[in-house]
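Working notes, structure below.
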Amino acid sequence: MGERLFVFQSFLNQPLLERFDTVKTRMQCSPPGTYRGAFDVLGKVIKNEGIFALYKGATPPAVGWAAIDSVLLGSLHNYRLFLLRNGMTEISPSGTPRLTLFAHGVAGLFAGWTSALIATPIELLKVKLQLQAQKSVSDRRFKGPIDCAHQIIRVQGIGGLWSGFTGSLAFRSNFFWMFLSVEALMRGFSGLAGTRYEISTGSANFLSGGLASFVYWAMAIPFDNIKNRMMAHPYPLPYPASATSTKSTLTRPSFIYIARHIYVRDGPAGFFRGLGPCFLRAFPVNASALFVYEGMMRVLGAEKTRS
């Protein structure tokens, strides 16, 4: 039940999320020298394409991220219960069994992998649409998400929608750090009980979600760069018009190939492109999301893994 309310939360977060995400994707996937930084991306996009260009690619995540987050958090809860039943526990200060911090991380890892099945095609469409710099829709290779999906299937087959799946798995593996950090922070805040610094459980959820998101993005951003560049391929070359023209331009690049290419071209710093926009959006989006989710789980009496 908790994940159903999170569907609504995903729609609330979407306008804030998408503006930063377009800037991040352009920073990560554009050829060297195209932009000097996040503010340069923002200024050039608004000047050359209009302010609504910041919402290019917004439709797939607006619809799809509700499903992604529902699968992520629904499976997270079930993985937590599975691990609780199978002994990844410790005795809490109250004397009852609770999941270990490591178990919370493992549940996040498995939930991230589960959500990757749905997230990959949605993020693929988003990246393709975000990288189109033409102002007029008629000048763009993809007229919208449905046209984009149709062309990918026509050229690459249905499996083309899962281009970059290994990158998505690697990126979403970092939910291990997200939910381990959330639990560690919650325990830290609970240790303040009875002191002048004591805060409510809801406030602890809010702060834990926001602060843990910084840990998540610090660990995940290298894999986000690899994933998005795998999905952007063959950008900046145009996407082929037919399957007969794909042999030389659309062989799917491997995870290792893209990682090596980033390192050779940009050095270690190339793996951290787009970290600034991620940090700007991370706290409000994730703090409010976790606040809603954990609060609903408590109301429903569904959270049995924390004591």
Side-chain angles (χ1 to χ4, degrees), residues 2-3 6 9 13 69 71-116 169-224 272 275 278-307:
E3 62 269 22
F6 200 84
Q9 181 64 39
N13 284 336
D69 291 337
V71 170
L72 174 71
L73 292 171
S75 62
L76 173 72
H77 177 64
N78 285 289
Y79 286 130
R80 283 173 171 174
L81 293 178
F82 174 81
L83 295 174
L84 185 66
R85 289 192 296 265
N86 285 273
M88 292 189 70
T89 59
E90 62 187 12
I91 301 301
S92 70
S94 63
T96 58
R98 68 179 181 185
L99 283 179
T100 64
L101 284 177
F102 181 73
H104 278 278
V106 170
L109 172 69
F110 289 161
W113 286 349
T114 303
S115 66
L169 283 175
F171 170 66
R172 290 183 167 267
S173 295
N174 290 280
F175 280 110
F176 175 93
W177 302 109
M178 175 72 180
F179 291 108
L180 184 151
S181 299
V182 165
E183 181 63 17
L185 287 162
M186 284 297 298
R187 293 183 186 184
F189 287 125
S190 68
L192 300 176
T195 73
R196 59 184 294 191
Y197 302 108
E198 179 179 358
I199 59 176
S200 67
T201 302
S203 297
N205 289 150
F206 185 85
L207 292 173
S208 295
L211 294 172
S213 68
F214 293 137
V215 177
Y216 171 80
W217 275 110
M219 302 299 294
I221 192 66
F223 304 102
D224 187 55
F272 293 89
L275 184 58
C278 290
F279 275 174
L280 285 174
R281 75 185 186 187
F283 191 97
V285 169
N286 290 280
S288 57
L290 198 77
F291 173 80
V292 171
Y293 174 72
E294 293 283 358
M296 194 61 176
M297 296 298 276
R298 285 194 303 277
V299 168
L300 296 172
E303 187 55 85
K304 306 178 187 300
T305 59
R306 180 181 297 124
S307 297

More than 12 heavy atoms of other groups within 6.0 Å of F279 CZ: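 Buried by this count: over 12 neighbours within 6.0 Å.
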Within 6.0 angstrom of Y79 OH, more than 12 heavy atoms from elsewhere: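 Yes.
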Rounded at 0.5 Å granularity, tell me how far [atom1] in [X] sits from [atom2] in [Y].
X: L275; Y: D224; atom1: CG; atom2: CG; answer: 10.0 Å
X: M88; Y: L101; atom1: CE; atom2: CG; answer: 10.5 Å
X: S181; Y: E183; atom1: OG; atom2: CD; answer: 10.5 Å
X: I91; Y: T100; atom1: CD1; atom2: OG1; answer: 12.0 Å
X: F179; Y: N174; atom1: CZ; atom2: CG; answer: 12.0 Å

Check against side chain to side chain contact (heavy atoms under 4.5 Å, CB included), T201 and N205: CA-CA 6 Å; T201 302; N205 289 150; 4.0 Å; yes
Donor-acceptor pair between R172 and S115 side chains, under 3.5 angstrom: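 Side-chain D/A pair, R172 to S115: present.
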Salt bridge (charged side-chain N to carboxylate O under 4.0 Å, His left out) partners of E90, counting only residues at least two apart: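 If we apply the salt bridge (charged side-chain N to carboxylate O under 4.0 Å, His left out) test to E90, skipping adjacent residues, the hits are R98, R187.
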L99 and L83, any side-chain heavy atoms less than 4.5 Å apart: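 Answer yes - side chains close enough.
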[X] versus [Y], closest heavy-atom pair with distance:
X: A107; Y: R80; value: CB-CG, 3.8 Å
X: F223; Y: A170; value: CD2-CB, 3.7 Å
X: G209; Y: N286; value: O-CB, 3.5 Å
X: G202; Y: F291; value: O-CD1, 3.3 Å
X: W113; Y: S173; value: NE1-OG, 2.8 Å
X: L192; Y: T195; value: O-OG1, 2.6 Å

Distance-only check: which donor-acceptor pairs under 3.5 Å involve side-chain atoms of residues 213-221, not counting sequence neighbours?
| unit_1 | atom_1 | unit_2 | atom_2 | d |
| --- | --- | --- | --- | --- |
| S213 | OG | G210 | O | 2.5 |
| S213 | OG | A282 | O | 3.4 |

For A204, all residues meeting side chain to side chain contact (heavy atoms under 4.5 Å, CB included), sequence neighbours excluded: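 With sequence neighbours excluded, A204 shows a side chain to side chain contact (heavy atoms under 4.5 Å, CB included) to M186, F189, I199, given in chain and number order.
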Criterion side chain to side chain contact (heavy atoms under 4.5 Å, CB included) on F283 and L211, from CA distance to verdict: CA-CA 7 Å; F283 191 97; L211 294 172; 4.1 Å; yes
Intermediate values then yes/no, side chain to side chain contact (heavy atoms under 4.5 Å, CB included), L81 and R85: CA-CA 6 Å; L81 293 178; R85 289 192 296 265; 3.7 Å; yes
Audit row: L72, T114, side chain to side chain contact (heavy atoms under 4.5 Å, CB included) steps and yes/no: CA-CA 7 Å; L72 174 71; T114 303; over 6 Å; no
